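Data block below; observations after.
Labels below follow one simple rule: chain letters A, B, ... track the order of the sequence lines, proteins then strands, and each chain is numbered from 1. These numbers were taken from a predicted model, which means no experiment stands behind them.
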Amino acid sequence: MTDIEKRSTETIIELRIAVKTSLNLLDSLNKAQQEAVRTTDGAVLVLAGAGSGKTRVIAHKIAYLIKNKYAYPWEILAVTFTNKAAEEMKNRVTSFLKDDNGLWIGTFHSIFARILRLEAKHIKFTSDFVIYDTDDKKKLIKNIMQDLVLDTNQYSLEAICGTVSKLKNKLIGHEEFQKLVKTPFDQVLFQVFAEYQKRIKQSNACDFDDLITLPIELFRNNPQVLKKYQKKFKYILVDEYQDTNYAQYKLIHFISGFYKNVCVVGDDDQSIYGWRGADIRNILEFEKNFPEAKIFRLEQNYRSTKNILKAAHSVVRNNKGRKSKELWSENDQGEKLMVLNVYDEYDESDRMIEKLKGEVFKNKRSFSDFVILYRTNAQSRVLEEGLRRNGISYIIVGGVKFYERKEIKDILAYLKVISNLKDSLSLLRIINYPNRGIGSKTIEKLKKWAATHNISLFESIGKVDQIGEISDSRKKIIKDFYQLINKYSSLKKEISPNELTHALVDESGLLLKYKGDSTPESQERANNIKEFLAAVSDYAFQHENPTLASFLEEVSLITDIDTWDRTANAVTLMTLHSAKGLEFPVVFITGLEQGLFPLASSLEDQNKLEEERRLFYVGLTRAKERVYLIWADNRRRFRDVEPQEPSIFLNELDPAVIITDSSGTKKRYVQKAGKPAYSFDSPLTYEDVSQEEPLLKPGILVEHEVYGRGRIVKVSGKGKSQKVIISFKNGEQKKFLSNYARFTILTE
DNA sequence: CGGATTTAACTTTTT
DNA sequence: GTTAAATCCG
């Protein structure tokens, strides 16, 4: 009997036992969910609509597999989309079982980073390789383009970064791409791509895409390594399968090649990451890729009211490329969805807050019941201001992420270099930060020396004595820097990352630089550094054997949504993308205007438009009870205020489940204090005046819409980029672009 | 050479 | 309103 045959006879016996022993485990599931859980072997696709309990199914399945001895915890691999989802999954599984030791739950990136570290020697890496984020990648490509004397204006950085990413996600390496070169752009792209791969490898680093493609390379070139993992993971489960790309599919296909027990869960209607290379065909063609796949459909929704589901369906059914299905629910009919038409983005903020307060007052809701969703991060500012003005506490997810702040990235660059001396990109960031007198000329000399002697930049710093062109006084500075890094590099094995980071921040003077400065910005930066130090302490506390490399990896792969605290008593603001997988009693979707949502760039392209529509579907189905949809007649986009048309998605909504409220479309004028500088029929804001004649000079009294009265301290620049610094009553000073700032001049 | 100040360019979504 | 790049000045 082969291993597999033996297993299947065992399975029959075990199944009977399983039904008994796991009654309580499966009791809380409906018929379809139970079947999906019980079908353990072979390929399984669970098409799970929004709110139909797909995470429950995965968690129950893991518990079921372990409880009924199909597999030990360490033989199960579960892949989720975010770290937070992984954590939740882990918690759920733990609640069913006593022992889940060794279970592999994580994101694609974290799981395969772990495998890469274990197997680094097979792919000519060392296990302390660092991970470059999008920012690092951009900088590296920029350096390359400068070195190759390519015009970044002619060939945009974003386009090159994006295309490199797309090629990698399709498993096209630079060698293969060379054969596909057609246009001059391709030629440039090829050059940059090849050089990028060379340098990133020299730096013992990899980017997000490499975390997927390198394991594939590893498995292709080392069959014995592949076999090891194929035999290790008897059961593989993948959540949010609709958002996987070709490379990720390939990886799953590879690693499941021996037992072939793959269970993927997803919803083609919620595929919203096509722009990142996610391939919706992975789910639509699952049966083709995994023959004899069994398919289960979960169509009962436990989250939303009937009206919300009806609305969501009326929109998404306009998409062509989808597996047809319709969610149903035993929940109440619920209230109709409210469509609000407002004057502009400020009015949007006001009217939204009105409704929010109404919900709090009438329905006794707490702030944490609400989420405010928008298409682009830039929309959050006005909404935030409104909330702040009304004293409503809020949490914002996304935007400038903590680990992407300058001061944090500076420390991280130090740590990356200390962890991996070959990381030249990070080294360049810190070589003269804080300023120690190593300027661009000196750096050029060091780079040249490194290139001609074929050594890393850091090594050339160590050999600075041999470089004739550098003056003795500078050599001393460079040597000091070399010794600083070297000291910590050798210390890293002896002391914990926690101690190391604290000592480093002290010695390098990174914190002192900000502490000495009393401006609010510097104070905030100092606080961020302290927060970072606390995070390192936390990490060291939570892990038995904390290493610098593993800490850096965790930091590189963490996202904002992972740190979001849903228990706080605050309104949550986030993009529609971030909201995937979450649910809230009340959902506001803002900026529903043609060109914003759906975005202008998607209007011409049917596939892109369908993805926007799915994004709207995701937004609607986050709501349990109540939905407010808002669109404004006018909105400032980029530079100018432009009239807006309602989103086509609003027209697609079933009229039977919506009510409209347009009472907010009348212009609400800014109340002016004092006499206006010019007298027109209608009240006038400063914006109107500034075009004519700059009236601003130090000493003038102004009234700001948000911050109140203050006095101009300084005026700089001219025309549209004119800036003013205003000192407010509480002593706070703020800088504004006077053309856009919402303040009026007061005459005394 | 380095720091400060000014100007320009930029906003789609993110592991 | 933000950030990076360019320019100017000591």
Side-chain angles (χ1 to χ4, degrees), chain A residues 79-86 106-113 131-135 137-139 142 152-153 156-158 162 165 169 207-212 240 243-245 247-248 272-278 373-382 384-385 397-401 404-406 432-443 471 473-474 477 521 556-562 574-580 591 595-602 608 611-612 614-615 618 636-639 714 716-723 734-742:
Chain A
V79 187
T80 60
F81 197 69
T82 63
N83 292 302
K84 186 147 202 123
T107 62
F108 266 101
H109 293 85
S110 65
I111 280 170
F112 288 99
I131 298 168
Y132 280 0
D133 65 16
T134 317
D135 207 49
K137 179 180 181 177
K138 241 180 169 168
K139 278 210 172 104
K142 193 170 184 187
T152 44
N153 291 322
S156 95
L157 263 179
E158 282 73 21
S165 221
N169 288 332
D207 63 20
F208 286 140
D209 305 316
D210 292 333
L211 291 177
I212 311 299
E240 309 279 14
D243 290 321
T244 52
N245 60 38
Q248 288 166 330
I272 53 174
Y273 283 96
W275 52 273
R276 209 174 71 190
L373 301 175
Y374 36 79
R375 180 65 241 267
T376 67
N377 280 308
Q379 288 165 252
S380 71
R381 208 188 59 246
V382 178
E384 275 182 82
E385 275 171 19
V397 178
V400 191
K401 293 168 194 72
E404 282 171 19
R405 285 166 198 273
K406 234 191 302 210
N432 195 34
Y433 186 87
N435 302 99
R436 48 174 69 85
I438 307 175
S440 54
K441 289 275 156 62
T442 316
I443 291 171
S471 70
S473 58
R474 277 203 205 290
I477 301 172
E521 293 87 31
S556 304
L557 297 178
I558 209 161
T559 65
D560 253 38
I561 197 79
D562 296 329
M574 61 173 87
T575 62
L576 285 134
H577 281 89
S578 301
K580 196 180 68 163
L596 181 59
F597 189 22
L599 273 177
S601 57
S602 64
K608 281 189 183 167
E611 183 154 313
E612 296 281 313
R614 291 193 292 270
L615 190 57
V618 168
R636 168 163 281 142
R637 294 268 281 140
F638 195 42
R639 277 200 119 93
K714 202 187 157 190
S716 60
K718 51 178 180 279
K720 284 200 165 178
S721 57
Q722 184 186 51
K723 288 187 193 75
K734 292 231 170 243
K735 219 179 195 178
F736 300 96
L737 227 54
S738 46
N739 205 23
Y740 300 119
R742 315 264 302 178

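For the pair A:Ile212 CD1 and B:dT15 C1', the interatomic distance rounds to 8 Å; values are reported in whole Å. One atom, CG of A:Asn245, and another, P of B:dT14, lie 17 Å apart when rounded to the nearest Å. Taking atom CZ on A:Phe208 and atom C1' on B:dT14, their separation rounds to 8 Å, with Å as the unit. The CD atom of A:Glu612 sits 11 Å away from the P atom of B:dT13 (whole-angstrom rounding). Spacing between atom NZ of A:Lys138 and atom P of C:dA4 amounts to 10 Å, rounded to whole angstrom units. Rounding to whole angstrom units, CZ of residue A:Arg375 and P of B:dT14 are separated by 9 Å. When rounded to the nearest whole Å, the span between CG of A:Asp210 and C1' of B:dT15 equals 13 Å. For the pair A:Arg636 CZ and B:dC10 C1', the interatomic distance rounds to 15 Å; values are reported in whole Å.
Position along DNA chain B of the nearest nucleotide to A:Ile558 versus A:Thr376 favours A:Thr376 as the more 5'-ward residue. Of the residues near DNA chain C, A:Arg381 and A:Asp135, the one whose nearest nucleotide (by heavy atom distance) lies more toward the 5' end is A:Arg381. Nearer to the 5' terminus of DNA chain B, by closest-nucleotide assignment, is the contact made by A:Thr442 (compared with the other of A:Asp562 and A:Thr442).
Classification of A:Glu384 and A:Arg381 as a salt-bridged pair fails, no side-chain N sitting under 4.0 Å from a carboxylate O.
Contact annotation for A:Asn377: backbone-only contact, meaning every heavy-atom pair under 4.0 Å involves sugar-phosphate atoms and none involves a base. Within 4.0 Å of A:Ser110, counting heavy atoms only, lies no atom of the nucleic acid at all. A:Leu557 comes within 4.0 angstrom of no nucleic acid atom, judged by non-hydrogen atoms across all strands. As judged by a 4.0 angstrom heavy-atom cut-off over every strand, A:Thr134 is placed among the base-contacting residues. A:Ile443 comes within contact range of no nucleotide atom at all, as no heavy-atom separation falls under 4.0 Å.
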I'd like a table of atom pairs between the protein and nucleotides 7-10 of chain C - only N or O on both sides, under 3.5 Å - with the distance next to each one.
none

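The closest side-chain heavy-atom distance from A:Thr80 to A:Glu240 is not below 4.5 Å.
Using cut-offs of 30° and 60° for the angle between ring planes, the A:Trp275 and A:His577 rings count as perpendicular.
Residue ring and base: A:Phe108 does not count as stacked with B:dT15 (centre distance below 5.5 Å and interplanar angle below 30° not both satisfied).
Comparing B:dT12, B:dT15, C:dA4 against the side chain of A:Lys406 picks out C:dA4 as the nearest. Of the candidates B:dT14, B:dT12, B:dT15, the closest approach to any side-chain atom of A:Thr107 belongs to B:dT15. Out of B:dT15, B:dT13, B:dT14, the shortest distance to the side chain of A:Ser578 is found at B:dT14.
With hydrogens and angles ignored, the 3.5 Å screen pairs no side-chain donor or acceptor of A:Asp243 with any backbone N or O of A:Ala278. Between the side chain of A:Asp562 and the backbone N or O of A:Asn83 there is at least one donor-acceptor pair closer than 3.5 Å. Remark: side-chain polar atoms of A:Glu611 are paired, donor with acceptor, to backbone N or O of A:Gly274 under 3.5 angstrom.
Between A:Ser165 and A:Lys137 the shortest heavy-atom distance is OG-NZ, 3.4 Å. Taking every heavy atom of both residues into account, A:Leu557 and A:Ser110 meet most closely at CD1-CA, 3.5 Å.
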